[in-house]
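Structure first, commentary second.
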Amino acid sequence: MTKLAEDSRQDQPRAARIDGKAFADKLRAEVAVDASRFAQEHGRQPGLAVVLVGDDPASQVYVRTKMRQAAEVGIASFPHLLGADASEAELLALIDSLNRDDRVDAILVQLPLPASINEKVVIEAIDPAKDVDGFHPYNVGRLSGGRAALVPCTPLGCLLLLQDRLGDLSGLKAVVVGRSNIVGRPMAQLLLNADCTVTTVHSRSRNLAEECRQADILVVAVGRPGMIGAEHIKPGATVLDVGINRIEAAEGQGQLVGDVDFAAASAVAGALTPVPGGIGPMTVACLLRNTLTAARQRVQQPQG
Ligand code: GUN
(Lines give C-alpha, C1' and ligand atoms only; values in the text may rest on other atoms or scores of the structure.)
Protein backbone atom coordinates (compact mmCIF):
# COMPACT_ATOMS: atom_id res chain seq x y z
CA MET A 1 0.00 0.00 0.00
CA THR A 2 1.34 3.50 -0.85
CA LYS A 3 1.94 5.97 1.94
CA LEU A 4 -0.94 8.10 0.62
CA ALA A 5 -3.36 5.16 0.60
CA GLU A 6 -2.22 4.17 4.06
CA ASP A 7 -2.75 7.71 5.39
CA SER A 8 -6.20 7.99 3.87
CA ARG A 9 -7.11 4.62 5.36
CA GLN A 10 -5.95 5.76 8.78
CA ASP A 11 -8.14 8.87 8.41
CA GLN A 12 -11.24 6.71 8.03
CA PRO A 13 -13.35 6.45 11.16
CA ARG A 14 -12.96 3.06 12.84
CA ALA A 15 -15.88 1.52 14.66
CA ALA A 16 -15.57 0.82 18.36
CA ARG A 17 -15.22 -2.91 18.98
CA ILE A 18 -18.00 -4.14 21.27
CA ASP A 19 -16.39 -6.64 23.61
CA GLY A 20 -19.07 -9.29 24.15
CA LYS A 21 -16.64 -11.57 25.93
CA ALA A 22 -15.83 -9.00 28.63
CA PHE A 23 -19.54 -8.18 29.10
CA ALA A 24 -20.37 -11.91 29.31
CA ASP A 25 -17.66 -12.39 31.97
CA LYS A 26 -19.29 -9.66 34.04
CA LEU A 27 -22.75 -11.17 33.56
CA ARG A 28 -21.52 -14.62 34.62
CA ALA A 29 -19.95 -13.15 37.76
CA GLU A 30 -23.37 -11.68 38.65
CA VAL A 31 -25.07 -15.02 37.98
CA ALA A 32 -22.52 -16.75 40.25
CA VAL A 33 -23.49 -14.43 43.13
CA ASP A 34 -27.20 -15.09 42.49
CA ALA A 35 -26.64 -18.87 42.22
CA SER A 36 -24.78 -18.94 45.52
CA ARG A 37 -27.57 -16.97 47.23
CA PHE A 38 -30.16 -19.33 45.71
CA ALA A 39 -28.24 -22.36 47.02
CA GLN A 40 -28.04 -20.87 50.52
CA GLU A 41 -31.75 -20.07 50.57
CA HIS A 42 -33.04 -23.28 49.04
CA GLY A 43 -30.46 -25.90 49.99
CA ARG A 44 -29.69 -26.86 46.40
CA GLN A 45 -28.06 -25.38 43.33
CA PRO A 46 -30.19 -24.14 40.42
CA GLY A 47 -30.35 -26.99 37.89
CA LEU A 48 -29.96 -26.97 34.10
CA ALA A 49 -30.65 -30.07 31.97
CA VAL A 50 -28.92 -30.06 28.59
CA VAL A 51 -30.12 -32.52 25.95
CA LEU A 52 -28.11 -33.27 22.83
CA VAL A 53 -29.32 -35.69 20.17
CA GLY A 54 -26.75 -36.95 17.65
CA ASP A 55 -23.12 -36.14 17.02
CA ASP A 56 -23.08 -32.79 15.22
CA PRO A 57 -19.57 -31.48 16.09
CA ALA A 58 -20.59 -27.81 16.44
CA SER A 59 -23.49 -28.75 18.76
CA GLN A 60 -21.14 -30.94 20.83
CA VAL A 61 -18.82 -27.95 21.34
CA TYR A 62 -21.72 -25.65 22.31
CA VAL A 63 -23.14 -28.18 24.78
CA ARG A 64 -19.75 -28.77 26.43
CA THR A 65 -19.25 -25.00 26.79
CA LYS A 66 -22.70 -24.57 28.33
CA MET A 67 -22.12 -27.31 30.90
CA ARG A 68 -18.61 -26.14 31.81
CA GLN A 69 -19.75 -22.56 32.32
CA ALA A 70 -22.80 -23.71 34.32
CA ALA A 71 -20.48 -25.57 36.72
CA GLU A 72 -18.23 -22.49 37.01
CA VAL A 73 -21.10 -20.28 38.24
CA GLY A 74 -22.60 -22.84 40.63
CA ILE A 75 -25.39 -24.24 38.47
CA ALA A 76 -25.87 -28.03 38.57
CA SER A 77 -25.98 -29.42 35.05
CA PHE A 78 -27.72 -32.62 34.01
CA PRO A 79 -26.37 -33.75 30.63
CA HIS A 80 -28.37 -36.16 28.46
CA LEU A 81 -26.56 -37.26 25.32
CA LEU A 82 -28.70 -39.37 22.99
CA GLY A 83 -27.48 -41.17 19.86
CA ALA A 84 -28.36 -39.91 16.39
CA ASP A 85 -30.80 -42.85 16.08
CA ALA A 86 -32.83 -41.84 19.15
CA SER A 87 -36.56 -41.75 18.40
CA GLU A 88 -38.92 -38.84 18.98
CA ALA A 89 -40.79 -40.98 21.55
CA GLU A 90 -37.56 -41.57 23.47
CA LEU A 91 -36.80 -37.84 23.52
CA LEU A 92 -40.36 -36.98 24.61
CA ALA A 93 -40.13 -39.52 27.46
CA LEU A 94 -36.87 -37.91 28.60
CA ILE A 95 -38.43 -34.43 28.52
CA ASP A 96 -41.40 -35.70 30.51
CA SER A 97 -39.07 -37.03 33.21
CA LEU A 98 -37.09 -33.74 33.27
CA ASN A 99 -40.36 -31.77 33.55
CA ARG A 100 -41.15 -33.79 36.70
CA ASP A 101 -37.64 -33.67 38.19
CA ASP A 102 -37.58 -31.06 40.97
CA ARG A 103 -33.80 -30.62 40.77
CA VAL A 104 -34.18 -29.38 37.19
CA ASP A 105 -35.23 -25.73 36.83
CA ALA A 106 -34.32 -25.31 33.18
CA ILE A 107 -34.34 -27.60 30.13
CA LEU A 108 -32.33 -26.93 26.99
CA VAL A 109 -32.70 -29.18 23.94
CA GLN A 110 -29.85 -28.30 21.59
CA LEU A 111 -31.05 -27.50 18.05
CA PRO A 112 -30.99 -28.54 15.30
CA LEU A 113 -32.45 -32.00 15.99
CA PRO A 114 -32.04 -34.90 13.54
CA ALA A 115 -34.50 -34.67 10.63
CA SER A 116 -36.47 -37.69 11.94
CA ILE A 117 -37.57 -35.71 15.02
CA ASN A 118 -40.22 -32.98 14.90
CA GLU A 119 -38.65 -29.94 16.55
CA LYS A 120 -42.00 -28.20 17.19
CA VAL A 121 -43.44 -31.23 19.01
CA VAL A 122 -40.33 -31.46 21.18
CA ILE A 123 -40.31 -27.76 22.07
CA GLU A 124 -44.01 -27.86 22.98
CA ALA A 125 -43.38 -30.83 25.30
CA ILE A 126 -41.09 -28.75 27.54
CA ASP A 127 -42.77 -27.29 30.64
CA PRO A 128 -42.98 -23.53 29.79
CA ALA A 129 -41.71 -22.73 33.30
CA LYS A 130 -38.51 -24.68 32.50
CA ASP A 131 -38.21 -23.47 28.89
CA VAL A 132 -34.85 -21.73 29.35
CA ASP A 133 -34.61 -20.95 25.61
CA GLY A 134 -37.98 -19.20 25.53
CA PHE A 135 -38.97 -21.22 22.44
CA HIS A 136 -42.27 -22.67 23.75
CA PRO A 137 -45.34 -20.98 22.17
CA TYR A 138 -46.42 -19.87 25.65
CA ASN A 139 -43.18 -17.90 26.10
CA VAL A 140 -43.21 -16.70 22.48
CA GLY A 141 -46.72 -15.33 23.12
CA ARG A 142 -45.66 -13.65 26.36
CA LEU A 143 -42.76 -11.97 24.55
CA SER A 144 -45.04 -10.67 21.82
CA GLY A 145 -47.39 -9.35 24.50
CA GLY A 146 -44.52 -7.54 26.19
CA ARG A 147 -44.75 -9.76 29.32
CA ALA A 148 -41.79 -12.06 28.82
CA ALA A 149 -39.85 -13.86 31.52
CA LEU A 150 -37.84 -16.45 29.63
CA VAL A 151 -36.49 -14.78 26.50
CA PRO A 152 -34.35 -16.52 23.82
CA CYS A 153 -30.71 -16.27 24.90
CA THR A 154 -29.03 -14.82 21.80
CA PRO A 155 -31.46 -11.91 21.28
CA LEU A 156 -31.40 -11.23 25.03
CA GLY A 157 -27.59 -11.00 24.86
CA CYS A 158 -27.90 -8.58 21.92
CA LEU A 159 -30.38 -6.39 23.82
CA LEU A 160 -28.15 -6.22 26.91
CA LEU A 161 -25.15 -5.17 24.80
CA LEU A 162 -27.22 -2.52 23.00
CA GLN A 163 -28.57 -1.09 26.26
CA ASP A 164 -25.08 -1.07 27.75
CA ARG A 165 -23.74 0.87 24.79
CA LEU A 166 -26.66 3.13 23.87
CA GLY A 167 -28.70 3.37 27.08
CA ASP A 168 -32.37 4.03 26.31
CA LEU A 169 -33.19 2.61 22.86
CA SER A 170 -36.52 4.42 22.60
CA GLY A 171 -37.21 5.90 19.17
CA LEU A 172 -34.15 4.40 17.49
CA LYS A 173 -34.59 2.74 14.11
CA ALA A 174 -33.63 -0.94 14.30
CA VAL A 175 -33.31 -3.30 11.35
CA VAL A 176 -33.07 -7.05 11.98
CA VAL A 177 -31.69 -9.11 9.10
CA GLY A 178 -33.07 -12.67 9.34
CA ARG A 179 -36.36 -14.06 10.65
CA SER A 180 -35.43 -17.29 12.42
CA ASN A 181 -37.36 -18.42 15.51
CA ILE A 182 -34.10 -18.53 17.49
CA VAL A 183 -32.82 -15.02 16.73
CA GLY A 184 -34.55 -12.78 14.16
CA ARG A 185 -38.17 -12.94 15.30
CA PRO A 186 -37.57 -12.68 19.07
CA MET A 187 -34.94 -9.97 18.46
CA ALA A 188 -37.49 -7.86 16.61
CA GLN A 189 -39.99 -8.33 19.46
CA LEU A 190 -37.45 -7.34 22.10
CA LEU A 191 -36.48 -4.20 20.17
CA LEU A 192 -40.15 -3.32 19.73
CA ASN A 193 -40.69 -3.81 23.47
CA ALA A 194 -37.75 -1.41 23.98
CA ASP A 195 -39.65 1.21 21.91
CA CYS A 196 -37.50 0.99 18.78
CA THR A 197 -38.97 1.42 15.31
CA VAL A 198 -38.34 -2.06 13.95
CA THR A 199 -38.04 -3.52 10.45
CA THR A 200 -37.27 -7.17 9.76
CA VAL A 201 -35.67 -7.98 6.41
CA HIS A 202 -35.05 -11.44 4.98
CA SER A 203 -34.16 -13.36 1.85
CA ARG A 204 -37.29 -12.17 -0.02
CA SER A 205 -36.95 -8.51 0.95
CA ARG A 206 -36.46 -5.92 -1.76
CA ASN A 207 -33.82 -3.21 -1.48
CA LEU A 208 -31.98 -4.93 1.35
CA ALA A 209 -29.05 -2.48 1.42
CA GLU A 210 -31.37 0.53 1.35
CA GLU A 211 -33.45 -0.84 4.26
CA CYS A 212 -30.32 -1.64 6.28
CA ARG A 213 -28.89 1.84 5.68
CA GLN A 214 -31.82 3.36 7.61
CA ALA A 215 -30.78 1.57 10.78
CA ASP A 216 -29.33 3.15 13.91
CA ILE A 217 -29.16 -0.46 15.14
CA LEU A 218 -28.45 -3.28 12.69
CA VAL A 219 -28.67 -6.88 13.94
CA VAL A 220 -27.59 -9.50 11.43
CA ALA A 221 -28.50 -13.17 11.92
CA VAL A 222 -28.56 -14.97 8.60
CA GLY A 223 -25.66 -17.44 8.43
CA ARG A 224 -24.03 -16.11 5.25
CA PRO A 225 -20.39 -15.12 5.64
CA GLY A 226 -19.68 -11.47 4.88
CA MET A 227 -23.11 -10.72 3.37
CA ILE A 228 -23.30 -7.29 5.03
CA GLY A 229 -20.79 -4.73 3.77
CA ALA A 230 -20.18 -1.00 4.03
CA GLU A 231 -23.05 -0.28 1.61
CA HIS A 232 -25.55 -1.71 4.14
CA ILE A 233 -24.49 0.49 7.04
CA LYS A 234 -25.47 4.03 8.01
CA PRO A 235 -22.43 5.99 9.23
CA GLY A 236 -22.19 5.71 13.00
CA ALA A 237 -24.67 2.82 13.32
CA THR A 238 -24.32 0.12 15.98
CA VAL A 239 -23.95 -3.26 14.26
CA LEU A 240 -24.37 -6.63 15.98
CA ASP A 241 -23.13 -9.66 14.05
CA VAL A 242 -24.85 -12.85 15.23
CA GLY A 243 -23.48 -15.05 12.42
CA ILE A 244 -20.95 -17.75 13.25
CA ASN A 245 -19.73 -19.31 10.01
CA ARG A 246 -16.80 -21.69 9.63
CA ILE A 247 -14.95 -21.05 6.36
CA GLU A 248 -11.87 -22.57 4.82
CA ALA A 249 -8.91 -20.25 5.29
CA ALA A 250 -5.30 -20.56 4.10
CA GLU A 251 -3.65 -24.01 4.35
CA GLY A 252 -6.94 -25.78 4.91
CA GLN A 253 -7.37 -24.16 8.33
CA GLY A 254 -10.95 -23.45 9.39
CA GLN A 255 -11.76 -19.90 10.45
CA LEU A 256 -14.83 -18.45 12.19
CA VAL A 257 -16.35 -15.40 10.53
CA GLY A 258 -19.60 -13.50 10.96
CA ASP A 259 -22.29 -12.39 8.52
CA VAL A 260 -20.73 -8.90 8.45
CA ASP A 261 -17.56 -8.06 6.54
CA PHE A 262 -15.75 -6.78 9.63
CA ALA A 263 -13.05 -4.72 7.87
CA ALA A 264 -15.50 -2.99 5.51
CA ALA A 265 -18.11 -2.40 8.20
CA SER A 266 -15.69 -0.97 10.73
CA ALA A 267 -14.88 1.90 8.35
CA VAL A 268 -18.53 3.03 8.48
CA ALA A 269 -20.20 1.77 11.67
CA GLY A 270 -19.96 3.54 15.02
CA ALA A 271 -19.63 0.27 16.91
CA LEU A 272 -19.45 -3.36 15.87
CA THR A 273 -19.25 -6.81 17.47
CA PRO A 274 -16.40 -9.10 16.35
CA VAL A 275 -16.71 -12.81 15.52
CA PRO A 276 -15.57 -14.60 17.61
CA GLY A 277 -15.77 -12.72 20.91
CA GLY A 278 -18.97 -10.75 20.27
CA ILE A 279 -22.44 -12.24 20.56
CA GLY A 280 -21.38 -15.91 21.03
CA PRO A 281 -20.20 -15.55 24.66
CA MET A 282 -23.33 -13.51 25.48
CA THR A 283 -25.60 -16.38 24.42
CA VAL A 284 -24.13 -18.75 27.00
CA ALA A 285 -24.07 -16.08 29.74
CA CYS A 286 -27.77 -15.37 29.07
CA LEU A 287 -28.56 -19.09 29.24
CA LEU A 288 -27.11 -19.13 32.76
CA ARG A 289 -29.00 -15.95 33.66
CA ASN A 290 -32.25 -17.47 32.34
CA THR A 291 -31.60 -20.61 34.41
CA LEU A 292 -31.55 -18.42 37.53
CA THR A 293 -34.73 -16.65 36.38
CA ALA A 294 -36.47 -20.02 35.92
CA ALA A 295 -35.21 -21.32 39.27
CA ARG A 296 -36.43 -18.25 41.17
CA GLN A 297 -39.83 -18.38 39.46
CA ARG A 298 -40.22 -22.05 40.26
CA VAL A 299 -39.55 -21.62 43.97
CA GLN A 300 -41.98 -18.69 44.04
CA GLN A 301 -44.65 -20.69 42.21
CA PRO A 302 -43.99 -24.37 43.00
CA GLN A 303 -45.37 -26.74 40.37
CA GLY A 304 -47.91 -29.47 41.00
N1 GUN B 1 -28.87 -23.95 18.44
C2 GUN B 1 -28.34 -22.77 18.05
N3 GUN B 1 -28.64 -21.78 18.95
C4 GUN B 1 -29.39 -22.36 19.91
C5 GUN B 1 -30.01 -21.86 21.08
O6 GUN B 1 -29.95 -20.67 21.43
N7 GUN B 1 -30.69 -22.80 21.81
C8 GUN B 1 -30.79 -24.10 21.44
N9 GUN B 1 -31.51 -24.91 22.22
N10 GUN B 1 -30.24 -24.59 20.35
C11 GUN B 1 -29.54 -23.73 19.59
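Note that the structure is a prediction, hence the values are computed from the model and not measured. Each residue takes its place number in the sequence, starting with 1. Atoms within each ligand, like the ligands themselves, are counted from 1 in listed order.
- Here Arg68 pairs with Glu72 in a salt bridge; the nearest charged N to carboxylate O distance falls below 4.0 Å.
- With respect to atom 5 (C) of ligand 1, the closest heavy atom belonging to the protein is Asp133 OD1, 3.8 Å.
- Of the candidates Leu111, Leu94, Val53, Val109, Val109 is the only one forming a side-chain contact (heavy atoms from CB on, under 4.5 Å) with Val122.
- When heavy-atom distances to ligand 1 are checked against a 4.0 Å cut-off, Leu111 comes that close through both its backbone and its side chain.
- Listed by number with element, the atoms of ligand 1 under 4.0 Å from a non-hydrogen atom of Val109 are 8 (C), 9 (N).
- On a distance-only criterion, Leu108 and ligand 1 share no N/O pair closer than 3.5 Å.
- Only side-chain heavy atoms of Phe135 come within less than 4.0 Å of ligand 1; its backbone N, CA, C and O stay farther off.
- With salt bridges taken as basic N to acidic carboxylate O contacts below 4.0 Å, one links Asp102 and Arg298.
- Residue contacts with ligand 1: Thr154 is placed with no nitrogen or oxygen under 3.5 Å of a nitrogen or oxygen of the ligand (distance criterion only).
- Under the 30°/60° scheme for interplanar angles, the aromatic rings of His42 and Phe38 are found to be tilted.
- There is no side-chain donor-acceptor pair under 3.5 Å between Lys66 and Ser77.
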